*Asks:* 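Just passing along the structure, written as structure tokens.
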Protein chains: 2
Amino acid sequence: MITTMAGTVKVYEEVLKEIKNYIHNNHLSPGDKLPSERELAEELTAGRSSVREALRAMELLGLIETRRGEGTFLRSYRPFHTVELLSTFILQESTTKKDLLVSKKIIEKEATKLAFSKFEQEHITQLESILNQEVDAQQRHYLFFMSIFGHAENYLLQKIWQLMEEFSNAIGVNLYDNGFYYRLLQVLKNREYSKIESVFANY
Amino acid sequence: MITTMAGTVKVYEEVLKEIKNYIHNNHLSPGDKLPSERELAEELTAGRSSVREALRAMELLGLIETRRGEGTFLRSYRPFHTVELLSTFILQESTTKKDLLVSKKIIEKEATKLAFSKFEQEHITQLESILNQEVDAQQRHYLFFMSIFGHAENYLLQKIWQLMEEFSNAIGVNLYDNGFYYRLLQVLKNREYSKIESVFANY
DNA sequence: CAGCTTCACTGGTCTGACCACTCGCTACTA
DNA sequence: TAGTAGCGAGTGGTCAGACCAGTGAAGCTG
């Protein structure tokens, strides 16, 4: 007699589904409050810990926000948190340093291109002042591209880049020399979009 | 005196980080076994429930697999069921969606460029046969670029792309039309590296 | 009325107790 | 001896209950 009972559905998965239904049936929107953990547990005839497991998973996915003393709130979903978390695992999996550096450079290059049309004189000045700051190379690189991301208007790409930046700092690689930043700045000043590729291509 | 203690990190988040470290430090690969919940709890000086919250969240993300009576195992990342869950929650914020699509396109474009030098006739043929398959647009897009990633030799970028692809499928957007693939194929056939940008630029 | 205290409620965490299941070892049987 | 039934340790699944730590509003105090 082989039963193995692989078909048993875990309570927390069931709870998850119920919460989903609850949100749907009550037409909840981001910012709206969910029932308290204790209420949910009683309502769904489940233990509070099971409810919490479901809620914690949802929180990690960025679907809800919990505030101690206040409650649990639906939140507008942004894949960033998830992508960020998963990227962490994926990054740890991929042992190849080269993959990381190549990918990071691609993002930096494309972010520059995204930001290009929005660049004005004051932004150029801002970038210049960053380069003149008395900070170490890592810090300067970070500030320089964060400023660029400020105009690229792609939060997702920025998050991924920040993560990659952290990892490459941990690895301790310095991809660019001083000349790079000034060459890139020059290209931006002269508004030569087509030359952005070539500035990066040399590294 | 305002403290509010918003800086308190939740235990389960800490546990998550520790598990991540454990995996990394012990060079665990998919299929390897993690310590039991009770061991982890004792090791990290946390309650078993907190450990479980972290593990459940990881399980929902598809990072681990748990087998009752056996243990918890690391698993090669497969976002499938996660994405299905997320898709029902996703509130299609235009900016978020746009970020995702723009980022995905960038990666697809750059992957194509990375793969360019390695393309040979047989690869072109492979891409053509994918386009001729009787599958839906999503599936075809996936296969097409997975084939390209096969030559791009950047596993990290590929992983990130797969993740984005899952998300955009969940959102249900179809960025490219049929002509796109053939135009791209044509460019690859003629070995016109510089035209890759423009093929993507029109979408 | 302003300011403070109290208290009910909410999430955060831990503990201990069972249950259901897996697997290996033991002891019994053929 | 060989094979097998079953016991027991270990593991995840779940629950109940306890206590802590914030929040906010009602109610008290001056």
Side-chain angles (χ1 to χ4, degrees), chain A residues 1-19 22-23 26 28 30-75 81, chain B residues 1-19 22-23 26 28 30-75 81:
Chain A
M1 181 59 172
I2 312 164
T3 8
T4 314
M5 252 338 196
T8 2
V9 181
K10 291 167 192 163
V11 174
Y12 94 93
E13 288 176 343
E14 210 54 45
V15 171
L16 209 49
K17 201 183 295 177
E18 289 300 328
I19 295 177
Y22 178 89
I23 292 172
N26 296 66
L28 297 196
D32 290 346
K33 193 171 174 304
L34 287 173
S36 74
E37 298 178 351
R38 289 170 178 84
E39 278 180 61
L40 281 172
E42 188 172 3
E43 182 72 26
L44 306 176
T45 333
R48 194 181 152 210
S49 50
S50 291
V51 171
R52 277 187 63 82
E53 288 182 9
L55 289 177
R56 256 5 80 213
M58 286 180 68
E59 187 183 39
L60 194 65
L61 290 178
L63 298 172
I64 57 173
E65 181 184 355
T66 70
R67 296 199 284 269
R68 171 190 278 180
E70 294 181 68
T72 306
F73 302 84
L74 195 57
R75 124 185 209 174
H81 313 293
Chain B
M1 184 57 173
I2 311 163
T3 7
T4 311
M5 254 337 194
T8 1
V9 180
K10 292 166 192 163
V11 174
Y12 94 92
E13 289 176 343
E14 210 56 45
V15 170
L16 205 52
K17 200 183 297 177
E18 289 300 328
I19 294 177
Y22 178 88
I23 293 172
N26 296 67
L28 296 197
D32 290 346
K33 194 172 175 300
L34 288 172
S36 75
E37 298 179 350
R38 291 171 177 84
E39 277 180 61
L40 281 173
E42 188 173 3
E43 181 72 27
L44 306 176
T45 332
R48 194 180 153 210
S49 49
S50 292
V51 170
R52 276 187 64 82
E53 288 182 9
L55 288 177
R56 256 5 81 211
M58 285 179 69
E59 186 183 40
L60 194 65
L61 287 179
L63 297 171
I64 57 173
E65 181 184 354
T66 75
R67 296 200 283 270
R68 173 190 279 182
E70 293 182 68
T72 305
F73 302 83
L74 197 55
R75 121 185 210 178
H81 64 290

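Worth knowing before you read on, the calculation uses all heavy atoms, side chains too, and leaves out hydrogens, waters and symmetry mates. None of the values given here were measured: they were computed from a predicted structure. Throughout, a chain's letter reflects where its sequence line sits, starting with A, and its residues are numbered from 1.
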*Asks:* On a heavy-atom basis, which atom in B:P30 and which in B:R75 lie closest, and how many Å separate them?
*Replies:* CB-C, 3.9 Å
*Asks:* May I have the step-by-step check of side chain to side chain contact (heavy atoms under 4.5 Å, CB included) for A:R56 and B:R56, ending in yes or no?
*Replies:* CA-CA 8 Å; A:R56 256 5 80 213; B:R56 256 5 81 211; over 6 Å; no
*Asks:* Below 4.0 angstrom, which residues in residues 33-40 of chain B have at least one non-hydrogen atom near DNA chain C?
*Replies:* B:R38
*Asks:* Would you mind reporting whether B:L44 and B:V11 have side-chain heavy atoms less than 4.5 Å apart?
*Replies:* no
*Asks:* So which atom in B:A54 and which in B:L16 form the shortest heavy-atom distance, rounded to 0.1 Å?
*Replies:* O-CD1, 3.8 Å
*Asks:* Given atom NZ of A:K10 and atom P of D:dT14, what is their separation to the nearest angstrom?
*Replies:* 8 Å
*Asks:* Any ion pair linking A:E59 and B:K10 (charged N to carboxylate O, less than 4.0 Å)?
*Replies:* yes
*Asks:* Roughly what angle, to 10°, lies between the helix axis at the start of the helix from C:dC1-D:dG30 to C:dA30-D:dT1 and the one at its end, five pairs per end?
*Replies:* 20°
*Asks:* Is there side-chain contact between B:I23 and B:D32, with at least one heavy-atom pair below 4.5 Å?
*Replies:* no
*Asks:* Round to a whole Å and report the spacing from CD of B:E14 to P of C:dG12.
*Replies:* 15 Å
*Asks:* Nearest 0.5 Å, what's the CZ-CD distance between A:R38 and A:E42?
*Replies:* 11.5 Å
*Asks:* For the pair B:I19 and B:L40, evaluate side chain to side chain contact (heavy atoms under 4.5 Å, CB included) and give the outcome as yes or no after the intermediate values.
*Replies:* CA-CA 9 Å; B:I19 294 177; B:L40 281 173; 4.3 Å; yes
*Asks:* Nearest whole angstrom, please: distance from the C1' of C:dT13 to the CD of B:E13.
*Replies:* 14 Å
*Asks:* Going by the rule salt bridge (Lys or Arg N to Asp or Glu O under 4.0 Å), which residues pair with A:E13 if we only count those two or more places apart in sequence or in a different chain?
*Replies:* none
*Asks:* Taking salt bridge (Lys or Arg N to Asp or Glu O under 4.0 Å) as the definition, give me every residue that meets it alongside B:R67, ordered by chain and number, with sequence neighbours left out.
*Replies:* B:E65, B:E70
*Asks:* Atom CZ of B:R68 and atom C1' of D:dG10: how far apart are they, to the nearest Å?
*Replies:* 14 Å
*Asks:* Give a yes/no on whether any side-chain N or O of B:R56 is located under 4.0 angstrom from OP1 or OP2 of D:dG13.
*Replies:* yes
*Asks:* Any idea which heavy atoms bring B:L60 and A:L61 closest together, and the distance?
*Replies:* CD2-CD1, 3.7 Å
*Asks:* Compare side-chain N and O positions of B:T72 against OP1 and OP2 of D:dG12 and report whether any pair is under 4.0 Å apart.
*Replies:* yes
*Asks:* To the nearest angstrom, how far is A:E42 atom CD from C:dG11 atom P?
*Replies:* 14 Å
*Asks:* Can you sort out which residues in residues 45-52 of chain B have a heavy atom within less than 4.0 Å of DNA chain D? Ascending by number, please.
*Replies:* B:R48, B:R52
*Asks:* Without decimals, in angstroms, what is the distance between B:L60 CG and D:dG13 P?
*Replies:* 13 Å
*Asks:* Which pair of non-hydrogen atoms, one from A:L74 and one from A:L63, has the smallest distance, and what is that distance?
*Replies:* CD1-O, 3.7 Å
*Asks:* Could you tell me how far apart B:M58 (CE) and D:dG12 (C1') are, to the nearest whole angstrom?
*Replies:* 16 Å
*Asks:* Assess whether side chain to side chain contact (heavy atoms under 4.5 Å, CB included) is satisfied between B:T66 and B:L55, documenting all intermediate values.
*Replies:* CA-CA 9 Å; B:T66 75; B:L55 288 177; 5.7 Å; no
*Asks:* In whole angstrom, give the distance that lies between atom CD of A:E59 and atom C1' of C:dG12.
*Replies:* 11 Å
*Asks:* How about B:K33: does its NZ atom have over 12 heavy atoms from other parts shown lying under 6.0 Å from it?
*Replies:* yes
*Asks:* Show each protein N/O and nucleotides 24-26 of chain D N/O combination with a separation under 3.5 Å, one pair to a line.
*Replies:*
{"residue": "D:dG24", "atom": "OP1", "partner": "A:E70", "partner atom": "OE1", "Å": "3.2"}

